[in-house]
Amino acid sequence: MTIGIDIGGTKIAGGVVAPDGQVLTLTRADTPAYDATRTRGVIVDMIRELGAAHQVTAVGVGAAGWIDATRDRVRFAPHLAWRDEPLRDHVAAAVGLPVAVENDANAAAWAEFRFGAGQAAGESMALITVGTGIGGGLILGGRLLRGAHGFAGEPGHQLAVPDGLPCGCGRRGCLEQYASGQALVRLAQQAAVEQPAAAEGLLELAGGSPEQITGPLVTTAARAGDKLAREAFEQIGWWLGSCLADLVQLLDPRLLVVGGGVAEAGELLLAPARDAYQRALSQRGELPAASIRPAQLGNVAGVVGAADLARELI
Ligand SMILES: [Zn+2]
């Protein structure tokens with residue numbers, strides 16, 4: 001068995017995972033996101049607790065950030081307090097097990113490739129995770145593509161709009177600002193402020209206050225047929241589909257997998273994404289291109305992938 005830890009901006013999940021990808025135990029805690037030392041403490045406690053109940057040989061840690069090519073440190077994490085954090089050595093010393101650190105979306109991509117939607121991908125697939133932010137992971141030739149510095153596969157920070165909205169990474173106009181859960185909420189809130197009469201349904205769910213509109217609430221409204229909520233999904237879906245078409249031009253994977261919390265809205269997001277994707281590819285005529293599928297492993301993908309990648313250490 002190996003342990004997988006998935007560190008997001010708000011939650012840390014940890015699990016004991018069998019070689020076939022089965023999660024035997026799963027636990028969650030809040031991320032003390034603005035305190036690097038406490039975040040590390042939560043991870044170490046979680047590993048000790050999981051390790052006490054099972055025979056484990058290695059730990060994989062997936063973190064939402066830029067991970068060094070040597071996979072020992074988190075160089076930068078927009079939603080966490082880590083700056084050049086030597087996470088691998090700190091955690092390994094504390095728990096007495098070999099530790100591998102990986103980008104969280106890379107870990108999720110690996111999990112989908114090995115055990116989920118990507119099993120039909122042959123040797124190449126791209127995963128895009130649409131959550132609070134946008135993440136990505138690329139599998140080419142049956143291997144996780146990490147790049148020269150460890151930072152490959154970050155479509156969320158590709159330029160979408162020159163001089164556009166400011167992004168947590170320090171730049172402006174990144175795709176993440178247009179295709180993510182944050183973008184969905186921003187669009188719905190804006191619509192509620194600008195067209196309160198048309199946004200009646202959304203506002204009713206949010207107790208009358210535009211600031212109270214959240215991602216899950218937009219999903220609920222859209223499912224019930226609310227026009228503004230559906231339009232917000234159509235907009236982020238359009239950006240997502242355009243990005244998927246760019247990925248196909250660049251990498252030609254067999255399969256495109258869309259995961260992350262916002263993707264749990266299913267066709268609300270995927271239908272406009274497929275539409276934009278097909279339009280963007282139409283100039284290619286009858287050439288074959290990857291199909292778009294929803295991820296299968298849900299919110300345990302990061303845990304499963306991190307645990308499986310840690311097997312390289314055994
Ligand atoms: Zn960015």
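Every number for a ligand or one of its atoms is a count from 1 in the order of the listing.
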Go through the steps to decide whether Thr2 and Thr57 satisfy the test side chain to side chain contact (heavy atoms under 4.5 Å, CB included), and finish with yes or no.
-> CA-CA 6 Å; Thr2 52; Thr57 47; 4.1 Å; yes
With side chain to side chain contact (heavy atoms under 4.5 Å, CB included) as the test, would you mind laying out the steps for Gln235 and Glu231 before giving the verdict?
-> CA-CA 6 Å; Gln235 283 202 49; Glu231 279 170 7; 5.5 Å; no
N, O or S atoms of the protein lying under 2.8 Å from the Zn ion (ligand 1) |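 Listed by chain and number: His157 ND1, Cys167 SG, Cys169 SG, Cys174 SG.
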Just how far is it from atom CG of Leu87 to atom CD1 of Ile67, taken to the nearest 0.5 Å?
->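 One gets 7.5 Å once the value is rounded to the nearest 0.5 Å.
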Quick one: side-chain contact (heavy atoms from CB on, under 4.5 Å) partners of Asp275, sequence neighbours excluded?
->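 Testing Asp275 for side-chain contact (heavy atoms from CB on, under 4.5 Å), a comparison that skips the adjacent residues, returns Arg279.
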So, Glu123 and Arg254, do they make that salt bridge, N to O below 4.0 Å?
->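 The answer is no: the pair does not qualify as a salt bridge.
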So among Asn299, Asp30, Thr31, which one has a side chain to side chain donor-acceptor pair (under 3.5 Å) with Lys11?
->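 So the option named by the test is Asp30.
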